[in-house]
Student: 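The structure follows.
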There are 2 protein chains.
Amino acid sequence: MTFSEENYLKTIYHLTSVSDADISTNAIAEKMETKASSVTDMLKKLSEKDLVNYIKYQGVSLTDKGKLAAKMIVRKHRLWECFLVEKLDFSWDEVHDIAEQLEHIKSEKLINKLDDFLGNPTEDPHGDPIPDAQGRIIKVEKQLLSEFEKNQIGICVGVKDTSSDFLKYLDKQEIALGSQIEIIEKESFDSSFRIRVGTKEITISNKIASNLYIK
Amino acid sequence: MTFSEENYLKTIYHLTSVSDADISTNAIAEKMETKASSVTDMLKKLSEKDLVNYIKYQGVSLTDKGKLAAKMIVRKHRLWECFLVEKLDFSWDEVHDIAEQLEHIKSEKLINKLDDFLGNPTEDPHGDPIPDAQGRIIKVEKQLLSEFEKNQIGICVGVKDTSSDFLKYLDKQEIALGSQIEIIEKESFDSSFRIRVGTKEITISNKIASNLYIK
DNA sequence: AATTAAATTTAGACAAAGCTAAAAATTATA
DNA sequence: TATAATTTTTAGCTTTGTCTAAATTTAATT
Ligand SMILES: [Mn+2]
Ligand SMILES: [Mn+2]
Ligand SMILES: [Mn+2]
Ligand SMILES: [Mn+2]
């Protein structure tokens, strides 16, 4: 499988996890910053290899084979992110681009040994689940902070937006995975929040609250 | 720089280290298991980028820029091999092919952090030197076992042939980097050797002796 | 020196993956 | 329902890196 094929599978996998319905050509093109015509070409190719179910004009979905392949790429991506953060001391906003490269390294033995070396983690540095060697995922119950109400208390367990900018903002506010967050006030006008993180009280916009997963 | 360009540079670098003279198109083709015409095409491209000095029909050599680039790829290859052996517990005959992939990962920060994580090793699992971030190499004095004479004693510090088959043979004979080797007898008829490795006495062919570096 | 052999380059073709522009199908709207 | 807007596909072209076959250059041998 080529890098490009792997990237398409991964993108379809990620789009599926949010919408559930069949994925449109344009949605893939937009996410991958490529042209719809290129997507069509690749969908034919993936369909030929039985990795996706593709009907002209109707969108695509992953076959079981394609889904497993996608999960293995996600597994590699997230394990490498763990390695970079936990062993090489990278910060969580620096690892994604490097993992985008490392996820394409082909060696089952390597990834399984890496998994063991890291102590078989179930989540990556952004709180996202790591599929095991069989593609199984441990789902963790979590809600967006924006769905919380006044006086509720939770633990930050993940981020929805994993952009470097957002992660650096969280660092600045001293919000990390494991931080306790208490809703002090919810402003009805703009849906912003007054929250307590550890000992500090801060105000965050609704956009921020909509990208933080809490349990 | 593409994977392919990197592989050509690396090949030219390795061929240079044995012959010193300009490298021929055919030598590159043979080493890379490709066709001479493909090599010619790539040499033009590398020459255009000032990575090699290339004169039609006359062979190539690396420019300073090309040599440094090649060294950085070799650096990555050998550091990853160290990682695989020392941290992930691979054996020395399993790591080359995986390192062939990992050597193309682009991130200076990654490779320098990996270097630190490994304790800044100067040699890879096969006894080959690891260039530092500036491309400097610590040369170690070493001779082929085949050049040794009766009664001489030395330490195994490297292998010339790094094929899996040869490395597995050495494992079987319990010869590893650091093993003490004493020449008991040199058979003049076929240039085979009777040697002592640790407590054991074994006979090795000249071909074996010509692929073991001793200090 | 002339001829032959070997090495190297050129010419032309192909597959992968991308693009633009035009055609076709689907969806939305009047 | 007919028309317009949007989405998707097709057709044709480009780049990268490879190949085969033919042409050219260099090296080796009479
Ligand atoms: Mn990531
Ligand atoms: Mn992640
Ligand atoms: Mn190697
Ligand atoms: Mn090595």
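Quick caveat, the model's predicted, so the values are computed rather than measured.
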Student: Output a table of donor-acceptor pairs, distance under 3.5 Å, between side-chain atoms of residues 47-55 of chain A and any protein atom two or more places apart or on a different chain; print 'none' if there are none.
Tutor:
| unit_1 | atom_1 | unit_2 | atom_2 | d |
| --- | --- | --- | --- | --- |
| A:Lys49 | NZ | A:Glu5 | OE1 | 3.2 |
| A:Lys49 | NZ | A:Glu5 | OE2 | 2.9 |
| A:Asn53 | OD1 | A:Ser61 | OG | 3.3 |

Student: I need the NZ-P distance between A:Lys56 and C:dA24, as an integer number of Å.
Tutor: 11 Å
Student: Atom CD of A:Gln58 and atom C1' of C:dA25: how far apart are they, to the nearest Å?
Tutor: 10 Å
Student: Output one line per pair: protein atom, nucleotide atom from nucleotides 19-24 of chain D, and distance, for all N/O pairs under 3.5 Å.
Tutor:
| unit_1 | atom_1 | unit_2 | atom_2 | d |
| --- | --- | --- | --- | --- |
| D:dC19 | OP2 | B:Thr34 | OG1 | 2.6 |
| D:dC19 | OP2 | B:Lys35 | N | 3.2 |
| D:dC19 | OP2 | B:Ser38 | OG | 2.7 |
| D:dT20 | O4 | B:Ser37 | OG | 3.0 |
| D:dT24 | O2 | B:Tyr57 | OH | 3.4 |

Student: Starting at NZ of A:Lys44 and ending at C1' of D:dT8, how long is that distance when rounded to a whole Å?
Tutor: 11 Å
Student: Who are the salt bridge (Lys or Arg N to Asp or Glu O under 4.0 Å) partners of B:Glu108, not counting sequence neighbours?
Tutor: none
Student: Can you tell me how far P of C:dC19 sits from CE of A:Met42, to the nearest Å?
Tutor: 11 Å
Student: Please enumerate all residues that pass side-chain contact (heavy atoms from CB on, under 4.5 Å) together with B:Lys113, with sequence neighbours excluded.
Tutor: A:Leu88, A:Asp89, A:Phe90, B:Lys109
Student: Provide the full list of side chain to side chain donor-acceptor pair (under 3.5 Å) pairs with a residue in residues 31-42 of chain B, sequence neighbours left out, each pair given once.
Tutor: none
Student: I need the residues from residues 3-31 of chain B with at least one non-hydrogen atom less than 4.0 Å from DNA chain D; give them sorted by number, or say none.
Tutor: B:Ser4, B:Tyr8
Student: Quick one: list whatever passes ring-ring contact (aromatic ring centres under 6.0 Å, His included) with A:His126, sequence neighbours left out.
Tutor: none
Student: Considering residues at least two apart in sequence or located in another chain, which fulfil the salt bridge (Lys or Arg N to Asp or Glu O under 4.0 Å) criterion with B:Lys106?
Tutor: B:Glu6
Student: Any chance you could lay out the side-chain hydrogen bond (donor to acceptor under 3.5 Å, both in side chains) test for A:Asn26 and A:Ser24, step after step, and finish with the verdict?
Tutor: CA-CA 5 Å; A:Asn26 268 0; A:Ser24 75; over 6 Å; no
Student: Side-chain atoms of residues 14-21 of chain A: list all donor-acceptor pairs with protein atoms under 3.5 Å, sequence neighbours left out, distances to 0.1 Å.
Tutor:
| unit_1 | atom_1 | unit_2 | atom_2 | d |
| --- | --- | --- | --- | --- |
| A:His14 | ND1 | A:Lys10 | O | 3.3 |
| A:Thr16 | OG1 | A:Ile12 | O | 2.7 |
| A:Ser17 | OG | A:His14 | O | 2.8 |

